[in-house]
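Values below: all heavy atoms of this structure, side chains included; hydrogens, waters and symmetry mates excluded.
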Amino acid sequence: MHRRLIAPGALAAASLLLAIPASAADFQPGAPGIGDPYYPDYGNGGYDVSHYDLRLTYQPRTDELQGTATVLATTTQDLSRFDLDFLLDVSEVRVNGAKAAFTTSGQHELVITPAAPLPKGTPLTVVVRYSGVPSTKSAYGFTAWHRTPDGAVAADEPESAWWWFPSNDHPLDKATFDVSVAVPDGTQALSNGTLQSTSPARGWTRYNWRSAKPQATYLATLAIGKFDITTGKTAAGVPVINAYSKDLGDNDGAARASVERTGELVDWLTGYFGPYPFDSVGGYVPNTTTGYALETQTRVYYSPKQFANGSNTSVVVHELAHQWYGDDVSLKGWKDIWINEGFARYAQWLWSEHEGEGTAQQLADYVYASHTAGDAFWTVKPGDPGPDDQFDAAVYDRGALAIQALRNTVGEDAFFAILKGWPKEHAYGNASVADFQTYAEKVSGKPLASLFDTWLFQPSKPAAAAARGVAVARAATGPVRPRSWARIEATNDVHSG
């Protein structure tokens with residue numbers, strides 16, 4: 001090692017240079033999007049959020065929401081101004097205690113200019129006071145706020161936060177949450193995590209919920225209405241909290257017969273995916289007219305329509321599998337949706353095996369044979385489907401086919417080691433399809449680039465020879481439809497309204 005001698009005068013000059021703060025020209029606005037090509041305006045640049053504290057008051061009769069959001073973050077650049085994703089009417093913004101200027105831009109951007117520029121690495125406390133009627137707000141021609149006869153629900157993907165709290169709305173910026181909601185007596189407020197306390201005062205009751213593990217903003221949920229709430233515990237002692245609107249009508253029994261099995265199904269899934277990663281679990285069924293279910297973290301949202309044809313444990317398995325694949329390990333970009341939906345669908349295939357209604361191999365054979373080479377099904381690439389096909393049936397079914405191909409290629413021991421090890425490898429973080437391939441190759445010791453390319457990225461049906469090579473579609477005349485297929489197929493629109 002060669003040391004260069006520096007004269008004392010030079011040292012003093014260097015120290016002086018280091019002490020000079022960045023000039024105003026060095027401070028730049030944070031980007032109005034986090035950089036996701038599917039949704040260029042979603043999320044924001046320039047800072048990283050660590051915690052949201054939301055203190056809300058909601059009147060179900062008028063759909064009026066008032067709130068104070070305190071957002072804890074750290075700047076990731078020399079920042080002159082920054083955006084939050086939000087739609088409601090803002091009355092005041094403070095940054096580190098000082099009033100900040102604010103305006104709106106585009107369809108969902110709240111643009112904040114602090115009193116003084118913020119150097120990189122600065123801790124931020126951003127307080128936003130706001131109010132509004134969420135059901136009157138829309139962006140890009142839709143709303144993610146759903147009125148019910150006795151209240152409202154916020155649950156949607158890839159966005160729902162804008163209608164009830166300001167955020168950096170992209171899964172890449174996960175944070176912990178405290179959600180405190182005051183509602184009129186006789187009405188309840190549900191959110192993610194655990195209920196810390198309730199406090200009645202002058203005809204209102206405040207519900208205080210906490211999510212202590214990192215959570216993507218689209219996985220935050222709020223449900224206000226009149227619910228029947230049940231509680232229990234999994235075999236490992238995880239609290240189970242389920243809730244059902246009191247006016248579900250004919251769907252009430254089937255909803256309960258399905259969602260009340262949550263604890264049992266979590267226990268079963270731990271055998272494949274490892275210990276449950278959060279401090280509570282459960283689901284809620286509000287009286288909405290939507291048709292989808294959503295893996296809102298620890299408190300799954302189910303539409304009553306999911307149970308219109310009777311009990312449906314398959315959809316419960318699907319959404320609970322997301323707690324590991326999608327919630328614990330979240331995607332880096334929305335193009336990585338296969339890691340969420342392919343594995344949640346494959347969990348349904350495993351449940352079918354468990355129930356004796358068709359093995360995963362039989363389901364794979366059936367899916368492969370059900371779509372001819374000219375079927376548009378094969379033009380969707382689960383590894384990068386594009387925003388218009390993000391929730392296409394092919395992402396689910398062809399995505400699960402890819403997982404069965406992986407299972408047959410690496411063998412049972414390596415495959416189930418991958419299934420269980422992946423949530424631990426990236427616990428509470430984010431990962432991509434490429435990251436998953438790298439991990440699967442490390443665990444199995446096999447090169448898998450060709451397999452992943454064939455099943456996830458080629459816009460064509462894998463040739464019969466390739467399919468037979470991974471033991472898919474071996475029956476020349478076409479396999480028999482497994483008994484579980486109708487129930488599994490019914491969840492193909494699990495994310496569509």
The residue among Asn242, Thr262, Val240 that forms side chain to side chain contact (heavy atoms under 4.5 Å, CB included) with Thr230 is Asn242

Decide whether Asp327 and Gln215 meet the rule of one side-chain donor and one side-chain acceptor closer than 3.5 Å. no

Is it the case that the side chains of Gln348 and Thr491 hold a donor-acceptor pair, with the cut-off being a distance below 3.5 Å and no angle test? yes

Under a 3.5 Å cutoff, is there a donor and acceptor pairing between the side chains of Ser432 and Asp435? yes

Arg299 versus Gly193, closest heavy-atom pair with distance: NH1-O, 2.9 Å

Between Asp397 and Tyr366: side-chain donor-acceptor atoms closer than 3.5 Å: no

So does Thr409 get a backbone contact from the side chain of Lys446, meaning a donor-acceptor N/O pair under 3.5 Å? yes

With a 3.5 Å distance limit and no angle check, can you tell me whether Arg147 reaches the backbone of Gly151 through a side-chain donor-acceptor pair? yes

Does the side chain of His170 pick up a donor-acceptor pair with the side chain of Asp36 at under 3.5 Å? yes

Hey, would you say the Phe86 and Trp163 ring centroids sit under 6.0 Å apart? no

Which word best sums up how the rings of Trp268 and His354 line up, parallel for under 30°, tilted for 30 to 60°, or perpendicular for over 60°? tilted

Is the Tyr218 to Tyr39 ring centre distance short of 6.0 Å? no

OG1 of Thr298 to CG of Leu320, rounded to nearest 0.5 Å, is 11.0 Å

Do Asp169 and Trp162 have side chains that approach each other closer than 4.5 Å (heavy atoms only, starting at C-beta)? yes

Evaluate the ring planes of Tyr346 and Phe415, with Trp represented by its six-membered ring, and classify them as parallel (under 30°), tilted (30 to 60°) or perpendicular (over 60°). perpendicular

Considering residues, nucleotides and ligands other than Arg210, do more than 12 of their heavy atoms fall under 6.0 Å from its CZ? no

Ring centres of Phe165 and Tyr130 under 6.0 Å apart? no

Given side chains that start at C-beta, do those of Asn44 and Glu109 come closer than 4.5 Å, heavy atoms only? yes

May I ask you to check whether Tyr284 and Thr221 show a side-chain donor-acceptor distance below 3.5 Å? yes

State, without any angle test, whether Ser352 and Ser484 hold a side-chain donor-acceptor pair at a distance under 3.5 Å. yes

Assess whether a salt bridge exists between Glu425 and Lys442, defined as any Lys/Arg side-chain N lying under 4.0 Å from an Asp/Glu carboxylate O. yes

With distance as the sole criterion, is a donor-acceptor pair present between the side chains of Asp48 and Thr76 under 3.5 Å? no

Residues Lys174 and Ser330: side-chain donor-acceptor under 3.5 angstrom: yes

Kindly confirm or rule out a cation-pi arrangement of Lys213 over Tyr428, judged by NZ or CZ under 6.0 Å from the six-membered ring centre and within 45° of its axis? yes

Treating Asn192 as the side-chain partner and Gln297 as the backbone partner, does any N or O pair qualify as donor plus acceptor under 3.5 Å? yes

For the residue pair Tyr301 and Glu157, confirm or rule out a side-chain donor-acceptor distance under 3.5 Å. no

Do Trp338 and Phe436 have ring centres separated by under 6.0 Å? yes

Go through the steps to decide whether Lys246 and Asp150 satisfy the test salt bridge (Lys or Arg N to Asp or Glu O under 4.0 Å), and finish with yes or no. CA-CA 10 Å; Lys246 294 185 176 180; Asp150 53 11; over 6 Å; no

Pair Trp422 and Phe273, ring centroids less than 6.0 Å apart: no

Between Asn312 and Ser314, a side-chain donor and acceptor under 3.5 Å: no

Quick check with a 6.0 Å cut-off and a 45 degree axis cone: is Lys461 positioned over the face of Tyr368's six-membered ring? yes

Tyr42 vs His108 aromatic rings, parallel, tilted or perpendicular, using cut-offs 30° and 60°? perpendicular

Anything under 30° is parallel, anything over 60° is perpendicular, the rest tilted; go ahead and classify Tyr272 against Phe416. tilted

